[in-house]
Amino acid sequence: GGGAAGSWNVAAAAPPAGTGSGDLLLMAVSEVVEGVLCSCYDTTAPAHFECLIGALGEGYGALMEMLRSPCAVVVENAALLLQMIGRQRPDVAANVRAAALSSATLLRHLYLGIFSPSDSQRFLSRFLVGTWMTGGRECDEKRLLARILPHGFMPYLAVPAL
């Protein structure tokens, strides 16, 4: 059942605008949710796991927005949660891939995955791009890459990793 969780309001829990505590709160909440659903998922009761994955699946847009945060921990947690949603809810994964493509988040992370001066940012962006490139051979994401990358690069990407 919905219980108290159905009546919970995110806006009521948000800090006042302009206080600078929004990123800190987002980091703390994302750490807890990531721990419950990803790092320590085997200790989470199946009913609670399904309830949380379902809620995150419905609100995946908030996770997409978290990818724009200046806080690396928030971005990393959002990436892990999006990956978990993709594994548990394939129907939502298609919507996430479409949102990443239509909002240019895919292109932003493709760029960061290649050119970012930070090793950790390159790793995280490559992880995200890999997560979003799981569609079939003719998916929109791969067709876009085929249009923007040099012709010989696509067969190179098709070679399995050693």
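Residue indices begin at 1 and follow the sequence shown. Everything numeric in this text was worked out from a predicted model, so none of it was measured. Note: hydrogens, waters and symmetry copies are ignored here, and every other heavy atom, side chains too, is used.
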Exercise. Looking only at heavy atoms, what is the nearest atom pair of Ala93 and Gly86, with distance?
Worked result: CB-CA, 3.7 Å

Problem set entry | Taking every non-hydrogen atom, the tightest pair across Ala79 and Phe127 | O-CE2, 3.9 Å

For this session: Might you work through the side-chain contact (heavy atoms from CB on, under 4.5 Å) test for Leu106 and Arg97, ending with a clear yes or no?
Result: CA-CA 8 Å; Leu106 173 64; Arg97 286 195 314 271; over 6 Å; no

Return the [atom1] to [atom2] distance between [X] and [Y], rounded to the nearest 0.5 Å.
{"X": "Leu144", "Y": "Leu110", "atom1": "CG", "atom2": "CG", "result": "8.5 Å"}
{"X": "Thr131", "Y": "Arg87", "atom1": "OG1", "atom2": "CZ", "result": "8.5 Å"}
{"X": "Leu128", "Y": "Leu82", "atom1": "CG", "atom2": "CG", "result": "7.5 Å"}
{"X": "Glu141", "Y": "Thr134", "atom1": "CD", "atom2": "OG1", "result": "7.5 Å"}
{"X": "Cys139", "Y": "Leu145", "atom1": "SG", "atom2": "CG", "result": "8.5 Å"}

Would you say the side chain of [Y] lies within less than 4.5 Å of the side chain of [X], judging by non-hydrogen atoms?
{"X": "Val74", "Y": "Asp23", "value": "no"}
{"X": "Leu112", "Y": "Leu124", "value": "no"}
{"X": "Arg122", "Y": "Asp119", "value": "yes"}

Exercise. Are Phe123 and Val73 joined in one hydrophobic group, where the rule is that I, L, V, M, F, W and Y side chains link up if heavy atoms are under 4.5 Å apart?
Worked result: no

Exercise. Transitively linked via ILVMFWY side-chain contacts under 4.5 Å: Ile148 with Leu101?
Worked result: yes

Exercise. Applying salt bridge (charged side-chain N to carboxylate O under 4.0 Å, His left out), which residue pairs with at least one partner in residues 27-41 are found, sequence neighbours left out?
Worked result: none

For a quick test of your reading: what N or O donor-acceptor pairs under 3.5 Å do the side chains of residues 47-70 make, sequence neighbours left out?
residue, atom, partner, partner atom, Å
Glu50, OE1, Arg89, NH1, 3.3
Glu50, OE1, Arg89, NH2, 3.2
Ser69, OG, Cys71, N, 3.1

Exercise. Would Ser118 and Ser116 count as a side-chain hydrogen bond (donor to acceptor under 3.5 Å, both in side chains) if you check the C-alpha gap in whole Å, the side-chain angles of each, and the deciding distance to 0.1 Å?
Worked result: CA-CA 5 Å; Ser118 165; Ser116 177; 4.8 Å; no

For this session: Dump the intermediate steps for side-chain contact (heavy atoms from CB on, under 4.5 Å) on Leu37 and Leu81, then the final yes or no.
Result: CA-CA 7 Å; Leu37 293 179; Leu81 290 167; 4.1 Å; yes

Exercise. Is there a donor-acceptor pair under 3.5 Å between the side chain of Ser30 and the backbone N or O of Met27?
Worked result: yes

